[in-house]
Amino acid sequence: MQSLLKFITCGSVDDGKSTLIGHMLYDAKLLFADQEKALLLDSKVGSAGGEIDYSLLLDGLMAEREQGITIDVAYRYFTTEKRSFIVADTPGHEEYTRNMAVGASFADLAVILVDASQGLLIQTKRHTRICALMGIKHVVFTVNKMDIVDYSRQVFDELKADIENMIQEFDFDSVKIIPVSATKGDNLTVPSENMEWYTGQTLLDYLENIQVDEDDKEKEFILPVQRVCRPDRTFRGFQGQVSSGQISVGDEIIAYPSRERAKVKGILVTDREEQTAYKGQAVNISLDREVDVSRGCVLSSDENITLSNMFTATILWMDDMEMLEGKNYYLKLGTKMIPATIMKIKYQIDVNEGSRLTAKKLKKNEIACCDIAISDKIVIDKFKNNRDIGSFILIDRVTNMTSACGIVEHTLRRSENVVWQQMDITRANRASQKSQKPKTIWFTGLSGAGKSTLANEIEKRLYAAGRHTMVLDGDNLRMGINKNLGFDETDRIENIRRTAEICKLMNDAGLIVLTSLVSPYEKDRQNARQIIGENDFIEVYVNTSLDTCEKRDVKGLYKKARNHQIPNFTGISSDYEPPVNPDIVVNTEGRTVEEAVAFLLKELNARL
């Protein structure tokens with residue numbers, strides 16, 4: 001059976017990636033007759049001056065052909081006498097770096113193009129770094145457009161030295177540097193007569209013979225569970241793709257995170273019963289006893305597998321929105337989807353030099369090392385040990401945008417050494433003692449909307465009724481525990497997070513907590529709801545117009561904001577995002593305080 005090589009082409013824009021692959025396929029006679037005919041016909045109406053435009057074999061989108069650039073990843077399958085290939089032709093433009101990262105995530109080898117007339121560009125270096133980030137261990141640098149520099153050996157030698165200097169910081173297993181001309185076909189499938197000074201392999205010959213397969217026999221068996229299959233009461237199987245190692249009928253496995261043990265009763269590969277399954281196979285495994293396993297769990301033969309809820313990772317930021325410390329996302333690692341928070345940006349990595357820079361936020365296409373916390377302990381391993389449970393993506397919780405991709409560098413010891421201490425007196429005991437349901441009533445709205453007034457009046461009524469309460473006012477918190485926080489977006493996020501954690505502790509004490517904060521961003525309020533708990537969080541939107549709030553201007557803040565004395569003031573120089581689906585909405589315009597309080601008490605009594 002022929003081995004399969006999955007590789008990508010990448011590099012800066014207009015370096016000739018699509019042309020290189022197209023010409024190689026054409027010269028190697030790996031095209032169907034209709035593909036060759038369509039290529040010749042399309043080239044006549046293109047911009048190649050009557051010559052064959054080999055890039056048309058891969059650039060299929062109309063926008064790609066109009067602009068002469070690659071936008072989306074183009075996958076092509078082809079086979080020679082020696083091996084089979086899947087190639088992902090990835091875009092070089094900075095705007096489409098995320099598309100390039102998607103292509104790199106599947107590849108075993110990268111063909112990185114360098115324009116001989118331009119040298120190493122920033123995007124070339126960025127793509128090299130992303131290839132290393134995605135775990136690609138084998139790289140071929142093709143110095144393209146040698147025809148433009150008259151096939152100069154000196155130019156090639158200088159670029160070769162630059163490339164060798166650049167890759168010193170990366171842990172590639174193999175690196176090959178080949179001078180080529182994608183348009184003329186030099187050194188693609190046959191040795192170039194124009195570069196007799198180069199005596200190495202052609203690109204196709206090198207790709208046909210390089211060995212990229214790792215010896216996986218000694219690694220422990222790992223299977224991230226994709227689906228629990230139960231067609232009837234007689235069968236319960238766990239489906240997924242074997243991530244590493246192998247498993248046989250009769251072997252003992254451990255289910256994580258429950259750590260229950262069982263033996264393999266049967267293995268199905270598609271519809272065939274097998275005695276053994278190997279890495280890369282999609283399997284359905286049944287066990288000899290019932291264990292607590294669902295999607296996102298992991299079956300493994302490793303007794304020392306890591307469970308953690310905090311880790312350090314290197315990420316590539318791909319969202320148009322900036323990444324800020326403290327923001328909450330969904331993290332997808334293996335088959336597990338779980339809420340996650342970027343706790344800290346340890347440093348940003350300079351794409352050009354590889355140096356470490358201080359940063360509090362990331363922009364699109366920037367790379368950084370971060371500490372990440374997730375809501376529960378899951379199976380995590382270093383990326384260099386296992387790609388499937390060592391790599392992840394971050395998903396925006398509101399837009400569902402894939403915001404980042406990343407790899408796990410290592411887990412944080414504090415996640416293993418710090419354990420929640422269970423007490424004999426529980427939250428339920430404290431709530432029962434106070435004869436009430438602990439809740440957090442979260443008042444949000446513009447400054448001057450009436451949040452603090454309503455929270456104060458509501459607490460007075462609840463206190464008179466014998467309820468045990470506590471008001472957390474935003475200004476009061478900023479004079480104490482949040483004194484060190486400002487009003488930029490990063491500090492606002494941290495302000496909400498700390499407040500939510502305090503509310504949770506006070507709810508655990510059995511108290512009803514009323515918070516009065518502007519809390520302008522929907523994401524942060526959702527994060528607070530998650531920290532406190534869906535069933536314990538009551539969001540009250542004090543819906544008062546900006547005009548009314550500004551007329552009240554009890555603290556004189558709007559006047560200062562209009563005079564540019566207060567930057568980042570919500571409603572004036574900073575946005576307020578109204579709640580999408582609040583639990584209670586109260587409008588204080590045209591209502592007295594007593595009327596608004598009466599309305600709120602009626603709504604709250606049903607929830608308290």
Side-chain angles (χ1 to χ4, degrees), residues 214-311 331-339 374-392 408 410-422:
E214 296 180 11
D215 186 7
D216 194 63
K217 293 180 181 179
E218 301 301 321
K219 292 187 177 181
E220 297 285 357
F221 166 74
I222 294 178
L223 175 74
V225 177
Q226 179 77 21
R227 179 174 178 265
V228 178
C229 175
R230 193 157 196 172
D232 55 54
R233 70 174 70 180
T234 64
F235 182 85
R236 185 171 183 240
F238 305 105
Q239 298 176 333
Q241 186 176 52
V242 179
S243 178
S244 69
Q246 62 184 51
I247 192 71
S248 299
V249 174
D251 289 351
E252 185 179 67
I253 59 95
I254 305 170
Y256 290 96
S258 67
R259 297 187 184 273
E260 295 181 84
R261 295 174 181 265
K263 289 187 177 180
V264 177
K265 179 180 178 183
I267 300 173
L268 288 173
V269 180
T270 63
D271 60 345
R272 306 186 314 274
E273 290 190 10
E274 301 284 357
Q275 289 299 305
T276 303
Y278 303 92
K279 176 185 176 181
Q281 289 186 313
V283 299
N284 190 344
I285 292 177
S286 57
L287 305 176
D288 66 345
R289 58 182 292 266
E290 290 289 327
V291 293
D292 181 16
V293 175
S294 58
R295 175 182 169 86
C297 294
V298 172
L299 303 181
S300 178
S301 60
D302 188 356
E303 295 187 358
N304 300 312
I305 206 163
T306 303
L307 289 172
S308 181
N309 59 2
M310 284 187 281
F311 59 92
L331 178 140
K332 188 177 187 302
L333 184 146
T335 58
K336 185 72 173 180
M337 183 88 80
I338 191 167
I374 51 181
S375 60
D376 199 3
K377 289 190 174 183
I378 63 172
V379 173
I380 295 177
D381 201 355
K382 295 178 181 179
F383 179 75
K384 66 180 182 181
N385 296 338
N386 190 295
R387 293 180 69 162
D388 292 337
I389 56 173
S391 60
F392 61 91
V408 177
H410 57 80
T411 57
L412 296 175
R413 285 193 297 271
R414 67 189 114 152
S415 69
E416 301 162 24
N417 298 335
V418 180
V419 180
W420 184 268
Q421 185 66 42
Q422 298 293 338

Self-check item: Approximate separation, where rounding is to 0.5 Å, of F235 CZ and K265 NZ
Solution: 8.5 Å
Quiz item: Quick one: are V264 and I247 in side-chain contact, heavy atoms under 4.5 Å?
Solution: yes
Quiz item: Within the distance-only criterion (no hydrogens, no angle test), does the side chain of N284 pair as donor or acceptor with the backbone N or O of L268 below 3.5 angstrom?
Solution: no
Quiz prompt | Donor-acceptor pair, side chain of S243 and main chain of L223, under 3.5 angstrom | solution = no
Quiz prompt | Euclidean distance, S391 OG relative to D381 CG, rounded to 0.5 Å | solution = 11.0 Å
Self-check item: side chain to side chain contact (heavy atoms under 4.5 Å, CB included) assessment of D302 paired with I222
Solution: CA-CA 8 Å; D302 188 356; I222 294 178; 5.6 Å; no
Self-check item: Exercise: identify the closest heavy-atom pair between S308 and I374
Solution: O-CD1, 3.7 Å
Quiz item: So do I389 and P224 actually touch side chain to side chain, heavy atoms under 4.5 Å?
Solution: yes
Quiz prompt | S301 and D251: side chain donor to acceptor below 3.5 Å | solution = no
Quiz prompt | Heavy-atom pair with the smallest gap, counting every atom of A255 and V293 | solution = CB-CG2, 3.6 Å
Quiz item: For V269, what residues pass the side-chain contact (heavy atoms from CB on, under 4.5 Å) criterion, not counting sequence neighbours?
Solution: I267, R272, E274, Q281, V283
Exercise. To the nearest 0.5 angstrom, please state how far the CG atom of N386 sits from the OG1 atom of T306.
Key: 11.0 Å
Quiz item: Is the NZ atom of K332 crowded by more than 12 outside heavy atoms at less than 6.0 Å?
Solution: yes
Self-check item: Atom of R295, atom of Q226 and distance for their closest heavy-atom approach
Solution: NH1-NE2, 2.8 Å
Quiz prompt | Check: E220 main-chain N/O paired with S244 side-chain donor or acceptor under 3.5 Å | solution = yes
Exercise. Of all the heavy-atom pairs spanning K377 and P257, show the shortest one and how long it is.
Key: O-CB, 4.5 Å
Quiz item: Under the 3.5 angstrom rule, does the side chain of R236 hit a backbone N or O of V291 as a donor-acceptor pair?
Solution: yes
Quiz item: Do the non-hydrogen side-chain atoms of R261 and I254 ever get within less than 4.5 Å of each other?
Solution: yes
Exercise. Applying side-chain contact (heavy atoms from CB on, under 4.5 Å), name anything that partners S294, two or more places apart in sequence or on another chain.
Key: C297
Quiz item: To the nearest 0.5 Å, how far apart are CD in Q241 and OG1 in T335?
Solution: 11.5 Å
Quiz item: Do you know which two heavy atoms are closest between G266 and V249, and how far apart they sit?
Solution: CA-CG2, 4.3 Å
Quiz prompt | Note, Q239 side chain near V225 side chain (heavy atom, < 4.5 Å) | solution = no
Quiz item: Are V242 and F221 side-chain neighbours, meaning at least one heavy-atom pair lies under 4.5 Å?
Solution: yes
Quiz item: In Å, rounded to the nearest 0.5 Å, how long is the span from CD1 of I378 to CZ of F392?
Solution: 10.0 Å
Quiz item: If we only count heavy atoms from C-beta on, is the I253 to F238 side-chain gap below 4.5 Å?
Solution: no
Quiz item: About how many Å separate CG of D292 and OH of Y256, when rounded to the nearest 0.5 Å?
Solution: 14.5 Å
